[in-house]
Novice: 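Before anything else, here's the structure in question.
None of these values were measured; they are calculated from a predicted model.
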Amino acid sequence: MNIRRIAEIAGTSHTTVSRALNDSPLVAETTRERIRAIAARMGYQINAGARSLSTGIRNTVGLLYSLHRTRQLESFYTAQLLHHIAAALTALGFDTMIEGFDKDEEDVASITRIVRQKKVDGLLLIGYDVTEQLAHEITAVTDRCVFINPAHEAWVEHYPTVIIDHHRGGRIAAAALIDRGCTRPATISENDPQFLVRVSGFRAECDERGVACDDHDRFVLPGGSYGDAYETASTRIAELRAHDGLFVGSDVTAVGVMNALLDHGVRVPEEVAVVGYDDIDWTAYVRPALTTVHQPKQEVADAATS
């Protein structure tokens, strides 16, 4: 069954049939309904690829995430977030093109090429390190762009964004340790802007509640992998044992720290309590189960795609 056969049955031109099936306002509503009814009765299905060529609408969204040399998919949180966003787009009838980008190495033209080449109808861009300049250049190409989890700076107020309050997340982590009775907390994380915001929130909560936590209580990881965390903690066990609570910047690194403590005879959480960040799915299955700050995934996906 093709358009020409439908046109013969409907007694119209194949151009009219094509316009009717693509909801063209050039065809009267009654004619559109009659042609669609014939097409449905004859089992005709619109070819999405052919339709996109004629209308310029592909019903495809580009989902871009910022790549990092030191960790894979943002310590798994981004991988799960990508899944939730893709599922939300599917429910809305969109296909998803997922690509990573390195803002430090790639030209803006390569980031926006999928828009310039009309491969997608819009962009969702995940990245805390997206700059105002990058946002400006991307939105000069398309106004259909939402920035997910950028740094909460003044420029984001001028663009569609989904903001995650990492400062508050750090406060939540501090409150969990202090409420447990910890009086000598410390932080362990990468020296990266997003993690520094979490640490600043942690310290702010400690200050307000009269618990000391300063630069002497901060341990810096060289990267965001499990191995980075395990090795760093293993070489500094004596220093870590001086603290009764640790806030680690991500769940993957928190598990690395926790396992290093356990392997060196430190009881967790009896001697040293550990709090992670992200609430990725498998943290409930490690032993002991990891206490972690929930970083929303479904809520972010819903907000970005609504």
Side-chain angles (χ1 to χ4, degrees), residues 1-65 78-101 106-126 134-148 158-162 297-306:
M1 175 58 59
N2 56 37
I3 287 179
R4 292 188 182 276
R5 179 57 180 154
I6 295 173
E8 291 177 7
I9 297 172
T12 65
S13 69
H14 73 275
T15 300
T16 298
V17 171
S18 178
R19 288 173 174 170
L21 294 178
N22 285 290
D23 291 324
S24 171
L26 298 176
V27 181
E29 183 177 354
T30 54
T31 302
R32 288 203 306 269
E33 291 177 356
R34 181 167 62 87
I35 290 173
R36 284 186 169 274
I38 293 171
R41 188 169 66 249
M42 303 304 293
Y44 178 81
Q45 293 184 340
I46 297 175
N47 183 304
R51 178 174 178 176
S52 69
L53 290 175
S54 63
T55 65
I57 299 175
R58 292 182 176 273
N59 285 339
T60 300
V61 174
L63 180 52
L64 308 181
Y65 63 93
T78 296
Q80 294 183 357
L81 179 58
L82 290 171
H83 168 77
H84 281 275
I85 294 175
L89 289 170
T90 297
L92 293 171
F94 290 93
D95 293 325
T96 309
M97 177 185 292
I98 301 177
E99 292 193 15
F101 73 92
E106 293 191 28
D107 187 88
V108 175
S110 66
I111 297 176
T112 59
R113 62 183 167 78
I114 58 176
V115 178
R116 294 181 184 278
Q117 295 173 1
K118 301 187 183 302
K119 291 183 177 181
V120 299
D121 301 307
L123 292 174
L124 297 175
L125 196 150
I126 304 171
L134 180 59
H136 175 74
E137 295 188 36
I138 289 175
T139 53
V141 178
T142 175
D143 59 358
R144 297 176 179 177
C145 183
V146 176
F147 297 96
I148 302 170
H158 304 292
Y159 299 92
T161 55
V162 178
K297 296 180 284 289
Q298 188 60 58
E299 297 94 325
V300 171
D302 291 342
T305 58
S306 62

Novice: side-chain contact (heavy atoms from CB on, under 4.5 Å), that's the test. Do Phe94 and Leu63 meet it? Break it down for me.
Specialist: CA-CA 11 Å; Phe94 290 93; Leu63 180 52; over 6 Å; no

Novice: Applying the side-chain contact (heavy atoms from CB on, under 4.5 Å) test to Val146, which of Leu125, Val61, Val162 qualifies?
Specialist: Val162

Novice: Calculate, to the nearest 0.5 Å, the distance between atoms CD1 and OH belonging to Ile98 and Tyr65 respectively.
Specialist: 8.0 Å

Novice: Atom CD1 of Ile138 and atom OH of Tyr159: how far apart are they, to the nearest 0.5 Å?
Specialist: 9.5 Å

Novice: Distance check, rounded to the nearest 0.5 Å: Thr96 atom OG1 versus Leu124 atom CG?
Specialist: 8.0 Å

Novice: Determine whether a donor-acceptor pair (N or O, by modelled atom type, separation under 3.5 Å) exists between the side chain of Asp121 and the backbone of Thr60.
Specialist: yes

Novice: For the atom pair CD1 (Ile148) and CD1 (Ile85), what is the distance rounded to the nearest 0.5 Å?
Specialist: 3.5 Å

Novice: Rounded at 0.5 Å granularity, tell me how far CD in Glu299 sits from CG in Leu81.
Specialist: 10.5 Å

Novice: Which atoms form the tightest heavy-atom contact between Ala10 and Ile35, and what is the distance?
Specialist: CB-CG1, 4.2 Å

Novice: Is any side-chain heavy atom of Thr12 closer than 4.5 Å to a side-chain heavy atom of Arg34?
Specialist: yes

Novice: Report the distance from atom NE2 of His83 to atom CD of Gln298, rounding to the nearest 0.5 Å.
Specialist: 8.5 Å

Novice: Please check: side-chain N/O of Thr142 versus main-chain N/O of Thr139, any donor-acceptor pairing under 3.5 Å?
Specialist: no

Novice: State, to 0.1 Å, how close Thr305 and Leu92 come at their nearest heavy-atom pair, and which atoms those are.
Specialist: O-CD1, 3.4 Å

Novice: For Arg144, does the CZ atom sit with more than 12 other heavy atoms under 6.0 Å from it, leaving out its own atoms?
Specialist: no

